[in-house]
Amino acid sequence: MSNNYFTITEQYRERFYQLPKVFFTNDNYKKLSNDAKISYAILKDRLELSIRNNWIDEDGNIYFIYTIKQLEDILNCGNQKVNKIKKELEKVNLLIQKRQGLNKPNLLYLLKPEIKESDIYKISEEEKPTKPLQDKEVLKSHVQKCENHTPRNVKITRQDMLKSHANDTELSDTELSDTDISDMNGMSDNTIDNMSETNDHSLHSNHENDHYLIDEQSHLLKPLPKDLQEFIKSRYILADSISIINKIMQAKREAANRRDDGLFFMFEENPFLSEKIIDILITVNREMKKKRESVQGLLGYYYNSLVNGLEEFHFTEQTRKTLQNKENPFLDI
């Protein structure tokens with residue numbers, strides 16, 4: 001029973017620094033040393049500490065106040081390495097230093113990496129689920145067999161075969177023998193009637209599948225606010241809407257874990273959450289149209305955009321509240 005408890009050791013063991021994937025896709029950041037990349041992740045993790053210390057300028061921008069010695073301790077390296085890392089980050093516009101005056105440490109501003117469309121595409125492509133090569137080989141082999149078995153007097157193109165055999169599980173090699181093909185050549189009226197009955201059965205199965213999807217969609221939509229429900233139903237086909245809802249819920253959970261704030265990401269507690277999610281989905285939909293991709297083909301991109309967008313939303317709101325409290329310390333009393 002004691003194994004069910006959360007322990008302080010586990011909580012600290014599961015904390016990680018986050019490295020932007022764009023550091024490994026954008027030519028501008030690929031040149032950065034691993035020390036510079038890791039240092040960026042460590043400093044980014046300390047943004048929350050800056051907020052608690054009220055290290056926020058009049059424009060709402062967050063900064064750090066660290067001496068060279070403090071940076072040596074934080075980054076676990078010597079004086080020369082610290083200066084080298086700072087220069088690297090400055091060169092690619094990931095860090096800005098502002099002088100305060102004599103004998104005072106510089107204000108350090110960490111900047112967001114620039115993300116191009118090519119980076120978004122590369123990252124989403126990497127996160128796409130890939131089909132095993134074996135599936136393609138099986139399909140190719142199956143098409144070749146069908147070409148060998150197809151009588152010469154039957155005109156059928158390779159493309160037609162690929163369409164009809166798009167799913168290998170629909171028709172296995174054992175289900176279609178040479179004898180079956182011969183019977184097809186001398187097809188009788190009774191066979192046509194049987195095929196008609198089979199088609200009716202398939203149509204019935206499709207209707208059953210549609211009903212299942214409708215039920216599944218209705219079930220998944222229930223926890224969502226009305227505006228988000230209507231948006232999803234009006235913008236996506238049935239199967240895609242189910243995938244999108246699942247990605248929304250997964251992204252909400254991930255953002256809540258990263259920001260350590262479950263309440264903020266609950267629809268009941270945050271009336272602006274659904275509006276933010278709709279904005280993110282609209283942006284991704286535009287990218288989808290530009291690239292002429294399907295929803296299913298960009299599910300990884302949808303997920304990453306939702307997680308990053310929700311994280312940024314939380315960060316912006318927390319910063320806004322901190323600034324309000326700074327201007328009026330008695331606001332929450």
Side-chain angles (χ1 to χ4, degrees), residues 6 14 18 20-21 47-48 51 60 62 112 115 117 120 123-124 127-129 207-291 293-325 328 331-332:
F6 290 101
E14 292 175 2
Q18 295 178 14
K21 287 190 176 183
L47 288 174
E48 291 285 353
I51 293 174
I62 302 168
K112 296 177 184 177
I115 299 180
E117 283 193 14
I120 295 170
I123 293 169
S124 61
E127 292 169 351
K128 271 187 182 179
H207 283 312
E208 284 185 343
N209 189 47
D210 286 344
H211 289 318
Y212 167 77
L213 290 175
I214 291 170
D215 291 342
E216 181 71 6
Q217 185 200 53
S218 300
H219 171 70
L220 292 173
L221 282 171
K222 280 181 182 177
L224 306 184
K226 289 292 182 185
D227 58 340
L228 187 52
Q229 287 185 23
E230 293 304 319
F231 176 83
I232 290 171
K233 287 193 289 186
S234 66
R235 298 298 180 94
Y236 304 102
I237 62 173
L238 201 55
D240 288 347
S241 70
I242 292 171
S243 299
I244 290 295
I245 297 168
N246 282 326
K247 290 302 169 190
I248 290 171
M249 303 311 286
Q250 290 168 13
K252 268 191 348 108
R253 284 194 294 271
E254 179 63 19
N257 287 336
R258 290 185 186 183
R259 304 300 296 175
D260 195 24
D261 190 352
L263 282 177
F264 181 88
F265 295 100
M266 292 176 64
F267 289 120
E268 299 85 353
E269 300 294 330
N270 190 340
F272 303 106
L273 185 59
S274 61
E275 184 181 336
K276 181 62 182 177
I277 290 173
I278 289 171
D279 287 342
I280 296 168
L281 292 176
I282 289 172
T283 302
V284 180
N285 288 346
R286 288 197 193 110
E287 288 299 318
M288 181 182 69
K289 286 181 180 178
K290 284 181 187 176
K291 297 186 183 301
E293 284 272 10
S294 65
V295 169
Q296 298 300 323
L298 288 180
L299 284 179
Y301 181 35
Y302 273 98
Y303 173 75
N304 284 331
S305 298
L306 284 163
V307 173
N308 294 334
L310 291 175
E311 270 200 283
E312 187 174 348
F313 178 47
H314 179 273
F315 185 77
T316 304
E317 287 299 299
Q318 294 301 104
T319 304
R320 182 181 60 80
K321 286 181 181 178
T322 301
L323 285 172
Q324 282 181 345
N325 292 338
N328 187 357
L331 194 63
D332 292 334

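For D260, the CG atom sits in a loose shell: 12 or fewer heavy atoms of surrounding residues, nucleotides or ligands are nearer than 6.0 Å. More than 12 non-hydrogen atoms from other residues, nucleotides or ligands lie less than 6.0 angstrom from CD of Q250.
Put simply, CD1 on I278 and CG on L273 are 10.0 Å apart, with the number rounded to the nearest 0.5 Å. Note that the CG atom of L220 and the CG atom of N246 stand 5.5 Å from one another [nearest 0.5 Å]. Between the CD1 atom of I237 and the CD1 atom of I242 there is a distance of 10.0 Å, given to the nearest 0.5 Å. A distance of 10.5 Å separates CG of L281 from CE of M288, quoted to the nearest 0.5 Å.
Under a 4.0 Å N-O distance rule, the pair E230/R235 does not qualify as a salt bridge. Between R258 and E254, at least one side-chain N (NZ, or NE/NH1/NH2) sits under 4.0 Å from a carboxylate O, which counts as a salt bridge. The existence of a salt bridge linking R259 and E317 is excluded, since no basic side-chain nitrogen approaches an acidic carboxylate oxygen closer than 4.0 Å.
Residues M249 and L224 meet the side-chain proximity criterion, which asks for heavy atoms closer than 4.5 Å. Using a 4.5 Å heavy-atom threshold, the side chains of K112 and E312 count as touching. A 4.5 Å side-chain heavy-atom check between K291 and R286 finds every atom pair outside the cut-off.
A donor-acceptor pair is defined here as one N or O able to donate and one able to accept, closer than 3.5 Å; no such pair exists between the side chain of E269 and the backbone of F264. Side-chain atoms of E293 do not come within 3.5 Å of backbone N or O of L298 as any donor-acceptor pair. Checking side-chain atoms of D240 against main-chain N and O of Y236 turns up no donor-acceptor pair under 3.5 Å. Panel note: side chain S305, backbone Y302; no donor-acceptor pair is recorded below 3.5 Å.
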Residues N270, F313; criterion side-chain contact (heavy atoms from CB on, under 4.5 Å); working and verdict:
CA-CA 11 Å; N270 190 340; F313 178 47; 3.8 Å; yes

Candidate pair K233 and S241, rule side-chain contact (heavy atoms from CB on, under 4.5 Å), full reasoning:
CA-CA 7 Å; K233 287 193 289 186; S241 70; over 6 Å; no

L263 and D261: CA distance, side-chain angles, deciding distance, side-chain contact (heavy atoms from CB on, under 4.5 Å) verdict:
CA-CA 6 Å; L263 282 177; D261 190 352; 4.1 Å; yes

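In terms of the ring pair (Phe, Tyr, Trp, His ring centres under 6.0 Å) criterion, residue partners of F265 (sequence neighbours excluded) are, by chain and number, H314.
A pairwise comparison of heavy atoms in K252 and I277 identifies CD-CD1, 4.4 Å as the closest pair. Here the closest non-hydrogen pair linking L228 and S274 is CB-CB, 4.1 Å. Nearest heavy atom pair, residue K276 against residue G309, reads CE-O, 3.7 Å. Taking every heavy atom of both residues into account, Q229 and L221 meet most closely at NE2-O, 2.9 Å. Considering all non-hydrogen atoms of both residues, I245 and I232 come closest at CG1-CD1, 3.9 Å. Taking every heavy atom of both residues into account, G60 and T319 meet most closely at O-CG2, 3.8 Å.
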